[in-house]
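Written out below as structure tokens is the structure these notes cover.
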Amino acid sequence: MPELPEVETIKRTLKIVLANLTITDVTIFKPKLVNRPDFKEALVGCQISDQLTRRGKYLLLPLNKCASKSGDMTLAIHLRMTGCLVVIKENDQLPKYTHVLFYFDNPKIKLAFADMRQFGRLSLLTNAELQDLSGLKDLGPEPLEKNFNPTYLKNNLSSRRAKIKSLLLNQTLVAGLGNIYVDEALYLAQIHPERLGCDLTAPEVNNLYHAIITVLEQGIQNGGTSISDYVDAEGNAGNNQNMLQAYQRQNKPCYRCDEIITRIKVAGRSSHFCPRCQKIKNS
DNA sequence: AGGATGACCAGGACGC
DNA sequence: TGCGTCCTGGTCATCC
Ligand SMILES: [Zn+2]
């Protein structure tokens, strides 16, 4: 599932390949996945800015030279769980479940949006609409930037009585974490997923901060985690699934202590942890 | 307002 | 092989 490292990996490729290309045509196979009936008409003629970026799990493609009366727009893409953006070169085959296909002024390059479960969304937005996009406007800090730090985390957990797993999945606390990297971060920090935010000690919060940074940076370094058919923008699988220490390792021995990894539901999501390394109580 | 829960989406995995 | 059931998780709506 595309979380921060997967979206970041895609962004880095798209930034190199798509910057300054002009959209010449768009084929929409599944209209419900785009946000407006004139999606194609509004996009044709727009040039993709080299300021293409990521915010949380959103890919943001600012556009120049748009014909729209409301000025230049941004294409905001959320891949949800099974969405992929794949660059198609020359006669490359389209990925399975391709729902939207973009053509450019370079005829050798196309961009396919593919999504088995059709949860992802492509939203073409004016700057005003972008500022007001629910899910984007309330995002917490980027975990790999300086405004996310141990002090921020401590201040924002100290009053929270929800389970830490639930809090880390909440995009308004910190942006970009999903089920995989939350389980990995809690494992690395040796914190049980059902501990309450306000019950974490200062050293634990500090460890958690470093664990979040570590698992995300490792995920990016490894080109993302390929579970649920994730592939990057070049159609390649990542390698981070081979590095996971907790997620989907239920019934296997903990790499730290050999205890069997347990799987439970927390906040309605599968959660994997070591019952010996991640105790619910300090004792 | 914070927190818990369930719905939604659609296809894959699995059991029989 | 076919059919039914369960599973998956990011986000949002709803209720307390
Ligand atoms: Zn252990």
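Here the structure is a predicted model, which is why all the values come from computation and not from measurement. Naming: A, B, ... by sequence-line order, numbering from 1 per chain. Note: hydrogens, waters and symmetry copies are ignored here, and every other heavy atom, side chains too, is used.
- Under 4.0 Å is where a charged nitrogen must lie from a carboxylate oxygen, and between R195(A) and E204(A) at least one such pair does.
- If you take CG of L136(A) and C1' of dC12(C), they are 15 Å apart, rounded to a whole angstrom.
- In this structure, the ring of F29(A) has its center no less than 6.0 angstrom from the ring center of H99(A).
- Rounding to whole angstrom units, CZ of residue R117(A) and C1' of dG10(C) are separated by 10 Å.
- Aromatic ring pairs are classed by plane angle as parallel below 30°, tilted from 30° to 60° and perpendicular above 60°; the pair F104(A) and F102(A) is parallel.
- For K57(A), whose side chain is taken as the heavy atoms from C-beta onward, the closest listed nucleotide among dG3(B), dT11(C), dG12(B) is dT11(C).
- The nearest whole Å value for the distance from the CG atom in N156(A) to the P atom in dG3(B) is 11 Å.
- In this model, a side-chain donor or acceptor of R269(A) finds a partner on the base of dT11(C) within 3.5 Å.
- Rounded to an integer number of Å, the gap from K265(A) NZ to dC7(C) P is 7 Å.
- Backbone-only contact: Y247(A) has heavy atoms under 4.0 Å from sugar-phosphate atoms and none from a base.
- R55(A) has a carboxylate O that lies under 4.0 Å from a charged side-chain N of E142(A), or vice versa, which qualifies the two as a salt bridge.
- When distances are taken from the side chain of H78(A) to each of dG3(B), dG10(C), dG12(B), the shortest belongs to dG10(C).
- Between the CZ atom of R80(A) and the P atom of dA7(B) there is a distance of 17 Å, given to the nearest Å.
- One atom, CG of D138(A), and another, P of dA1(B), lie 12 Å apart when rounded to the nearest Å.
- Side-chain rings of Y209(A) and F148(A) approach one another, their centers coming within less than 6.0 Å.
- Among dG10(C), dG11(B), dG3(B), the nucleotide with an atom closest to any side-chain atom of L167(A) is dG3(B).
- Atom CG in L14(A) sits 13.0 Å away from atom CZ in R54(A) (nearest 0.5 Å).
- Contact annotation: Q171(A) side-chain N/O to dG10(C) OP1/OP2 distance is not under 4.0 Å.
- For dG10(C), neither phosphate oxygen OP1 nor OP2 lies less than 4.0 angstrom from any side-chain nitrogen or oxygen of Y58(A).
- Distances from the side chain of R160(A) to the nucleotides dC12(C), dG2(B), dG10(C) place dG2(B) closest.
- Checking H99(A) against K163(A), the closest nucleotide of DNA chain B that is more toward the 5' end is the one next to K163(A).
- Between dC12(C) and S134(A), a contact under 4.0 Å exists linking OP1 or OP2 to a side-chain N or O.
- Of the side-chain N and O atoms in K32(A), one or more sit less than 4.0 angstrom from OP1 or OP2 of dA10(B).
- Rounded to whole Å, the distance from CD on Q118(A) to P on dT11(C) is 18 Å.
- G135(A) comes within 4.0 angstrom of the backbone, heavy atoms only, and of no base.
- Closest approach to the R161(A) side chain among dG11(B), dG10(C), dG3(B) is made by dG3(B) (side chain taken as heavy atoms from C-beta onward).
- Nucleotide dT14(C) forms a pair with dA4(B), judged by Watson-Crick or G-U wobble geometry with both contacts under 3.5 Å.
- In this structure, M81(A) places its CE atom 10 Å from C1' of dT11(C), rounding to the nearest Å.
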